[in-house]
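Working notes, structure below.
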Amino acid sequence: MGLAEGKAQDMMQTAALLGFDTKIIGSTNDYAKTAGSNVVVITSGIPRKPGMTREELIGTNAGIVKNVCENILKHSPDAIIIVISNPMDTMTYLALTSTGLPKNRIFGMGGILDSARFKYQLSQHLGCSPADLNAVVVGGHGDTTMIPLLRFATWNSVPVIKFLGENQQKQIVADTMVGGATLTKLLGTSAWYAPGATGAALVEAIVRDEKRLFTCCVSLNGEYGQRDICLGVPVIIGKIGWEKIIDFDLNADEQAAFNKSADAVRSMNDVLKTL
Ligand SMILES: NC(=O)c1ccc[n+]([C@@H]2O[C@H](COP(=O)([O-])OP(=O)(O)OC[C@H]3O[C@@H](n4cnc5c(N)ncnc54)[C@H](O)[C@@H]3O)[C@@H](O)[C@H]2O)c1
């Protein structure tokens, strides 16, 4: 018995108050108890400390993620795997290439969280409810690699740029990109409520076959002009994992930013060859 068993009991003890009947079990160091899982979310690995980039975690987390994938598949060969461990784009690429699973069964959680952070920033500037906003971040899940697509963001169908001055627009994009780093500085470690909620939304979309449109880190084979890389693009999430990529028709500047993001992620992926 260990921490996971304790957390599971603590959560189960909210069932009578919150009115759910989901069975929650915890398992510390015993993958056998996860046997037959449909969906597995990997959060194993070290988080950032203040001042660290996600990229600095690669050496430690690559070994952990590879090992966790092997153990998951021993017990749950049909599982869909969602990678959260950072640097997430490279960890997703590693999980995909080291397991050889069909590409639709492995994807990374990043863009969906960054999009939620983008909506938070927009709501602060517009003085509106984040629930009325549509806004998407694509590209890598890094402070310098993510691309908040301001041109596509709407407030109940009205383009947000109509309401924002140029400086405000720049500020929103910049604050979105360092959304995670800002929290790491404030909290002393990685954030958890929003990452937890986004992970849960993805699992729910799979289990309920919801066909939600979220930005996730998936294997590209020519889409968005890239191949042999996992990067954040809008995808449909349903019972088979990620089902298809939606093309947002980026303009020349957005595509150039996407290509630059891919270059940065690709050079991180190259580090895997040296480990
Ligand atoms: N993709 C995202 O948007 C996002 C958001 C938040 C955090 N993260 C990343 O998720 C990871 C976890 O962050 P956290 O805040 O939950 O950290 P944490 O330290 O609270 O949890 C990490 C967990 O990994 C486990 N672990 C360590 N080594 C392991 C191994 N060899 N095998 C199995 N499990 C092992 C630890 O026991 C611990 O439970 C970090 O890499 C962090 O950067 C990603």
Side-chain angles (χ1 to χ4, degrees), residues 1-8 10-11 26-34 37 40-76 81-95 98 106-120 136-146 148 176-203 214-218 230-232 261 265 268 275:
M1 296 286 270
L3 185 68
E5 285 81 348
K7 289 272 181 195
D10 194 11
M11 283 191 262
S27 168
T28 302
N29 298 335
D30 183 3
Y31 284 89
K33 288 192 193 155
T34 68
S37 296
V40 175
V41 181
I42 304 180
T43 63
S44 319
I46 53 168
R48 290 196 277 182
K49 293 271 170 266
M52 272 175 100
T53 63
R54 294 177 177 93
E55 291 75 12
E56 287 173 73
L57 306 173
I58 189 167
T60 310
N61 287 355
I64 293 175
V65 168
K66 193 161 178 277
N67 179 262
V68 170
C69 282
E70 281 163 14
N71 280 303
I72 289 168
L73 291 172
K74 252 185 236 162
H75 299 280
S76 305
I81 296 179
I82 302 174
V83 179
I84 293 191
S85 315
N86 273 317
M88 184 278 293
D89 305 291
T90 296
M91 292 303 115
T92 304
Y93 181 78
L94 170 70
S98 70
I106 294 197
F107 61 94
M109 188 289 279
I112 173 176
L113 171 63
D114 300 328
S115 301
R117 288 175 171 160
F118 188 22
K119 287 180 199 169
Y120 163 75
V136 161
V137 175
V138 296
H141 176 60
D143 301 348
T144 56
T145 58
M146 72 180 74
T176 300
M177 292 175 78
V178 295
T182 304
L183 287 178
T184 305
K185 214 159 144 191
L186 291 168
L187 301 168
T189 184
S190 209
W192 54 89
Y193 293 121
T198 43
L202 288 173
V203 174
F214 290 131
T215 307
C216 292
C217 175
V218 303
C230 293
L231 214 52
S261 176
V265 169
M268 270 199 299
L275 298 174

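Heavy atoms only: backbone and side chains are in, while hydrogens, waters and symmetry mates are out. Counting convention: from 1, in listed order, for ligands and their atoms alike.
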Practice problem: Carefully, step by step, assess Ile64 and Asn61 under the rule side-chain contact (heavy atoms from CB on, under 4.5 Å). | Solution: CA-CA 5 Å; Ile64 293 175; Asn61 287 355; 4.1 Å; yes
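- Residues Cys216 and Leu202 are in side-chain contact: their nearest non-hydrogen atoms beyond the backbone lie under 4.5 Å apart.
- The residue among Thr184, Thr92, Val68 with a heavy atom at the shortest distance from atom 33 (C) of ligand 1 is Val68.
- Considering Gly2, Pro87, Gly45, Gly180 only, the shortest heavy-atom separation from atom 26 (N) of ligand 1 involves Gly45.
- Note: no N/O pair closer than 3.5 Å links Leu113 and ligand 1 by distance alone.
- Of all the heavy atoms of Asn61, the ones lying under 4.0 Å from any atom of ligand 1 belong exclusively to the side chain.
- Between His141 and Cys217 the shortest side-chain heavy-atom distance does not fall below 4.5 Å.
- Nearest to atom 7 (C) of ligand 1 among the protein's heavy atoms is Ser190 OG, 3.1 Å.
- Nearest protein neighbour of atom 3 (O) of ligand 1, counting heavy atoms only, is His141 NE2, 3.0 Å.
- Annotation for ligand 1: atoms under 4.0 Å from non-hydrogen atoms of Pro195 are 5 (C), 6 (C).
- When only non-hydrogen protein atoms are considered, atom 44 (C) of ligand 1 lies nearest to Ile84 O, 2.9 Å.
- The distance criterion of under 3.5 Å between nitrogen or oxygen atoms is met by Asn86 with respect to ligand 1.
- A donor-acceptor pair is defined here as one N or O able to donate and one able to accept, closer than 3.5 Å; such a pair exists between the side chain of Ser85 and the backbone of Ser44.
- Considering only heavy atoms from C-beta on, Val41 comes within 4.5 Å of Val203 through its side chain.
- Between Ile46 and ligand 1, an N or O atom pair is found at a separation short of 3.5 Å.
- Each of the atoms 43 (O) of ligand 1 lies under 4.0 Å from some heavy atom of Leu57.
- The closest side-chain heavy-atom distance from Met91 to Leu57 is not below 4.5 Å.
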Self-check item: Derivation of the side-chain contact (heavy atoms from CB on, under 4.5 Å) call for Asp143 and Arg54
Solution: CA-CA 8 Å; Asp143 301 348; Arg54 294 177 177 93; 2.7 Å; yes
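- With a heavy-atom cut-off of 4.0 Å, Arg54 does not touch ligand 1 at all.
- Counting only heavy atoms from C-beta outward, the side chains of Cys69 and Ile42 approach each other to under 4.5 Å.
- Put simply, the side chain of Thr28 gets close to the backbone of Ala4: a donor and an acceptor are under 3.5 Å apart.
- Closest non-hydrogen pair, Gly188 versus Pro50, comes out as O-CD, 3.5 Å.
- Counting heavy atoms closer than 4.0 Å to ligand 1, residue Thr189 contributes nothing at all.
- Residues Ile82 and Phe107 have side chains in contact (heavy-atom distance under 4.5 Å, counting atoms from C-beta outward).
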Quiz prompt | Steps toward side-chain contact (heavy atoms from CB on, under 4.5 Å) verdict (Val136, Phe118) | solution = CA-CA 7 Å; Val136 161; Phe118 188 22; 6.0 Å; no
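- For ligand 1, the atoms closer than 4.0 angstrom to any heavy atom of Ala191 are 6 (C).
- With a 4.0 Å cut-off on non-hydrogen atoms, Pro47 touches ligand 1 through its backbone as well as its side chain.
- For Thr43, the closest heavy-atom approach to ligand 1 falls below 4.0 Å.
- Atom 39 (O) of ligand 1 is not flagged as protein-proximal [any protein heavy atom, distance under 4.0 Å].
- Between Ile64 and ligand 1, a contact under 3.5 Å exists for no N or O pair.
- Protein heavy atom in closest approach to atom 35 (C) of ligand 1: Ser44 CB, 3.7 Å.
- Contact annotation for atom 16 (O) of ligand 1: protein absent (non-hydrogen atoms, distance under 4.0 Å).
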Practice problem: Determine, step by step, whether Val265 and Tyr93 satisfy the side-chain contact (heavy atoms from CB on, under 4.5 Å) criterion, reporting the C-alpha distance in whole Å, the side-chain angles of both residues, the deciding distance to 0.1 Å, and the verdict. | Solution: CA-CA 10 Å; Val265 169; Tyr93 181 78; over 6 Å; no
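- Distance check for atom 28 (N) of ligand 1: a protein heavy atom is found below 4.0 Å.
- Ranking the protein heavy atoms by distance from atom 1 (N) of ligand 1 puts Met109 O, 2.8 Å first.
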